[in-house]
Amino acid sequence: MLTSYKSGDQPFIIAEVGNNHQGDLEIARNYIKVFADAGADAIKFQTRNNKYLFSECGYNAPYNSEHSFAETYGAHREHLELRPEWLPILKADCKKYNVKFMSTPFDEPSLELLCEVGVDLIKVASFDLGNLPLLKRIAAAGFPVVISCGGGKAHQIRSSVEELLKGVKEIAVLHCVSEYPCEHNRLGLNNIEILIKEFPECTIGLSDHFNGILSGPIAYMKGARVFEKHVTLNRAWQGADHGFSLEHDGFRKFVRDIKRVPEMMTPKHESELGSEFVFKKLGKSIVALHDIQVGQTISIDDLTGKIYDNEGIPIRQSSEVIGATAICKISAGELVTFDAISVKNSA
């Protein structure tokens with residue numbers, strides 16, 4: 001799945017829902033429909049077992065943020081989680097809309113749950129880069145893996161990839177800057193080229209928290225082929241991630257612009273140059289500026305260009321006429337044709 005994108009032109013683009021479904025099944029299902037329509041290849045959710053993931057004090061810590069859905073952080077997180085029984089429903093919806101079903105397990109119990117449900121891909125968050133115990137379990141599951149390396153140093157990325165390769169054949173390593181949102185001058189997209197050199201066995205991509213779409217096409221030109229972008233149904237909704245996420249039209253343009261990049265690269269064939277409609281309609285033809293006599297060598301000062309309904313020699317070919325000899329009289333204002341000069345070369 002992921003390997004096929006490594007050397008090809010086509011990108012693989014992930015719509016990262018995360019917890020932007022607000023803990024509502026119907027909203028989560030709507031994300032699949034909306035962003036499949038916008039061009040996503042995969043829809044990604046997040047899966048947590050919060051009582052396993054957080055210490056007791058962390059789970060019960062007060063949470064007074066403007067983004068809070070509850071008084072404690074644990075209760076806030078529980079409000080935003082997908083219930084285990086919802087996952088098969090979301091998986092079926094992904095199949096219905098022809099997108100891959102993908103989730104991030106943030107802990108071992110969540111990984112076990114996703115393995116039971118069956119996912120198309122596993123995502124490893126930047127939080128678990130270098131978490132070799134969890135990565136070993138993910139590798140044993142055998143699913144294709146996408147791993148973000150935000151905040152990671154080179155040796156941490158390398159050890160993580162090496163651990164995954166013990167059980168996973170298809171890995172995508174995504175350049176990522178763990179800033180939310182990430183300003184344009186912090187994206188560091190040159191790092192994509194470094195990852196391509198360092199991990200030739202992997203497909204390289206970009207997971208970015210930039211609130212625009214320009215990062216996608218530029219990353220593609222740097223060699224990225226897997227892209228992850230946060231999405232939302234409403235940027236004004238309560239929650240920390242909505243503000244830098246893309247709505248349907250923004251994500252559609254993100255996909256569109258990435259896919260346009262390879263189409264922009266092939267130059268027009270030489271045989272097509274100069275035959276464009278605009279030149280046929282408004283292109284200038286070579287005209288005698290004043291009378292040119294038989295036997296006269298035509299100079300640059302003998303010529304001008306005018307727009308004619310009947311096309312003559314295009315003015316861009318004036319170098320082929322200058323220096324030729326007139327074999328008949330060409331009156332001032334008359335079109336110069338190759339039949340009237342000694343050099344009959346219209347190439």
Side-chain angles (χ1 to χ4, degrees), residues 1-2 5 10-48 69 77-106 110-111 113-125 141 143-146 148 170 172 174 205-209 211 213 216 225-259:
M1 184 189 304
L2 296 171
Y5 292 90
Q10 288 301 309
F12 184 83
I13 304 177
I14 302 161
E16 157 69 305
V17 178
N19 294 126
N20 282 352
H21 49 71
Q22 313 297 82
D24 186 302
L25 174 60
E26 292 309 311
I27 293 176
R29 298 183 72 182
N30 198 28
Y31 269 99
I32 296 170
K33 178 181 178 180
V34 168
F35 288 96
D37 175 77
D41 296 296
I43 308 293
K44 188 180 89 65
F45 298 95
Q46 297 177 2
T47 309
R48 293 177 181 83
F69 286 90
R77 288 248 50 100
E78 298 294 3
H79 177 87
L80 292 175
E81 299 306 333
L82 296 170
R83 296 178 186 174
E85 61 267 26
W86 294 351
L87 296 180
I89 299 172
L90 298 176
K91 177 182 177 180
D93 282 353
C94 284
K95 184 176 181 180
K96 175 182 177 181
Y97 291 105
N98 197 31
V99 290
K100 302 300 183 185
F101 177 52
M102 186 174 180
S103 189
T104 302
F106 278 80
S110 295
L111 173 61
L113 174 62
L114 292 177
C115 290
E116 291 173 8
V117 173
V119 291
D120 295 304
L121 302 102
I122 289 285
K123 171 68 193 296
V124 177
F143 295 103
V145 172
V146 177
S148 288
E170 296 188 88
L174 307 189
L206 171 70
S207 174
D208 80 82
H209 312 114
N211 62 4
I213 64 175
R225 290 298 180 270
V226 177
F227 299 83
E228 181 185 68
K229 196 74 166 175
H230 285 254
V231 294
T232 180
L233 295 174
N234 188 336
R235 294 180 75 165
W237 276 353
Q238 178 185 353
D241 291 351
H242 292 288
F244 62 84
S245 300
L246 297 182
E247 294 178 338
H248 173 275
D249 199 47
F251 187 81
R252 178 188 63 79
K253 291 177 180 177
F254 181 72
V255 173
R256 177 202 67 189
D257 289 357
I258 291 172
K259 291 186 175 181

Rounding to 0.5 Å, atoms CE (M102) and CG (D41) come to a distance of 11.0 Å

Interatomic distance, CZ@R77 vs CZ@F69, rounded to 0.5 Å, equals 10.0 Å

Report the relative orientation of the aromatic rings in F251 and F35; use parallel for angles under 30°, tilted for 30 to 60°, perpendicular for over 60°. perpendicular

Among V99, V255, V226, find the one that has a side chain to side chain contact (heavy atoms under 4.5 Å, CB included) with I13. V255

Sidechain N-carboxylate O distance under 4.0 Å for K33, D37: no

So that I can tick it off, tell me whether D249 and R252 are bridged by a salt bridge, with the cut-off set at under 4.0 angstrom between side-chain N and carboxylate O. yes

Under the criterion side-chain hydrogen bond (donor to acceptor under 3.5 Å, both in side chains), which of H242, E247, H248 is the partner of T232? H242

Would R225 pass as a cation-pi partner of Y5, given that its NZ or CZ must be under 6.0 Å from the six-membered ring centre and within 45 degrees of the axis? no

Check against ring pair (Phe, Tyr, Trp, His ring centres under 6.0 Å), H21 and Y31: CA-CA 8 Å; H21 49 71; Y31 269 99; 7.4 Å; no

Rounded to the nearest 0.5 Å, what's the gap from CG on N20 to CG on D241? Could you check? 5.0 Å

The single option from E16, K44, Q46 that satisfies side-chain hydrogen bond (donor to acceptor under 3.5 Å, both in side chains) with T104 is K44

Straight-line distance of T47 OG1 to K123 NZ, nearest 0.5 Å: 12.5 Å

Could you tell me if the side chain of N30 sits less than 4.5 Å from the side chain of E26, heavy atoms only? no

Just one of L90, I14, V17 clears the side chain to side chain contact (heavy atoms under 4.5 Å, CB included) bar with I43, so which one? V17

Going by the angle between their ring planes, with limits at 30° and 60°, are F254 and F227 parallel, tilted or perpendicular? perpendicular

